[in-house]
Amino acid sequence: MKTRRVYTVPDLDVARRAMCELRDAGIDDDDLSLVARADIELEAIPDGRKEAGTDFKPALLRGAGYGGATGLLAGLAAVAVPPLGITLAGAAMMTVVGAAVGSWASALVGSTIEDPIRRKFEQEIADGRILLVIDAPRDLLPREEAIVLGLGGRPLPYAAPTAMS
């Protein structure tokens with residue numbers, strides 16, 4: 001299980017140095033991303049480093065889980081009623097359809113909701129600061145924090161389990 005931490009760094013050069021040192025410390029490249037104001041992102045931050053601007057992926061996963069569970073329950077309830085003639089294969093099909101519909105609907109909604117980090121630190125971003133977002137295993141958290149603080153970064157009040165780990 002990984003924990004997501006957010007730091008603010010003074011400029012893009014510090015962010016790049018921090019990311020380089022964090023990779024050297026054992027944090028996977030895919031677990032590092034940056035969040036900044038739109039004009040800074042467009043000019044200076046490579047696309048692969050940008051944190052998604054919406055809640056799409058977490059919403060997609062939640063929808064698949066809830067939709068699949070709902071489909072499974074509906075399918076098992078239908079199997080329990082003999083006049084309907086639904087078999088266990090039909091219940092499995094209802095589970096798959098429920099997961100697909102749940103994923104689709106949740107992803108649509110999630111794509112319109114701004115990312116929680118952007119919502120919480122809206123003023124930091126508006127002030128032109130760059131946010132360094134790190135998803136790291138718990139055993140690497142002390143090392144991660146020492147690296148970022150040593151380069152002039154400042155921790156922001158955000159620590160949450162990573163949904164995608």
Side-chain angles (χ1 to χ4, degrees), residues 1-69 72 95-96 98-165:
M1 179 68 116
K2 294 180 182 177
T3 300
R4 176 168 284 182
R5 306 276 305 267
V6 180
Y7 299 89
T8 180
V9 293
D11 57 41
L12 192 58
D13 290 332
V14 172
R16 286 184 177 136
R17 279 198 323 263
M19 292 175 75
C20 185
E21 288 188 30
L22 289 165
R23 280 193 297 272
D24 291 343
I27 295 177
D28 190 27
D29 197 41
D30 293 335
D31 294 337
L32 301 169
S33 57
L34 300 172
V35 179
R37 207 172 52 212
D39 61 322
I40 296 170
E41 285 186 351
L42 291 174
E43 295 171 9
I45 299 175
D47 287 339
R49 292 278 163 237
K50 293 178 187 174
E51 178 69 17
T54 65
D55 198 30
F56 178 81
K57 287 181 185 176
L60 178 77
L61 294 176
R62 283 191 303 269
Y66 290 134
L72 177 64
T95 302
V96 171
V101 170
S103 297
W104 174 72
S106 292
L108 285 177
V109 171
S111 67
T112 63
I113 297 173
E114 198 170 62
D115 178 65
I117 292 173
R118 286 187 182 274
R119 284 192 312 257
K120 183 166 183 162
F121 302 113
E122 184 176 8
Q123 191 58 49
E124 294 279 339
I125 296 167
D127 289 343
R129 292 184 189 88
I130 297 172
L131 304 184
L132 176 59
V133 181
I134 306 168
D135 297 325
R138 291 179 194 264
D139 60 322
L140 292 179
L141 292 178
R143 193 176 334 163
E144 156 206 312
E145 187 163 338
I147 289 170
V148 178
L149 294 178
L151 291 171
R154 182 173 52 91
L156 295 175
Y158 189 92
T162 303
M164 303 297 281
S165 62

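If you take CG on Asp31 and CD1 on Ile134, they are separated by 9.5 Å, rounding to the nearest 0.5 Å. Expressed to the nearest 0.5 Å, how far CD of Glu144 lies from CG of Leu132 amounts to 8.0 Å. Distance check, rounded to the nearest 0.5 Å: CZ of Arg17 to CG of Asp11 gives 7.5 Å. The structure places CD1 of Ile130 at 8.5 Å from OG1 of Thr8, a figure rounded to the nearest 0.5 Å. Interatomic distance, Leu151 CG to Asp13 CG, rounded to the nearest 0.5 Å: 11.5 Å. Here CZ of Arg5 is found 4.5 Å from CD of Glu145. Values are rounded to the nearest 0.5 Å.
Taking 4.5 Å as the limit, every side-chain heavy atom of Val9 sits out of range of all side-chain heavy atoms of Leu34.
For Ala69, the side-chain contact (heavy atoms from CB on, under 4.5 Å) criterion is met by no residue, not counting sequence neighbours. Here Arg154 pairs with Glu124 under the side-chain hydrogen bond (donor to acceptor under 3.5 Å, both in side chains) rule; sequence neighbours left out.
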message: I'd like to know whether Ile147 forms a side-chain contact (heavy atoms from CB on, under 4.5 Å) with Asp24, so could you lay out the CA-CA distance, the side-chain angles of the two residues, the decisive distance to 0.1 Å, and finally the verdict.
response: CA-CA 11 Å; Ile147 289 170; Asp24 291 343; over 6 Å; no
task: Verify side-chain contact (heavy atoms from CB on, under 4.5 Å) between Lys120 and Val6, making sure each step is shown before the conclusion.
output: CA-CA 11 Å; Lys120 183 166 183 162; Val6 180; over 6 Å; no
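In terms of heavy atoms, Pro10 sits closest to Gly152 at CD-O, 3.9 Å.
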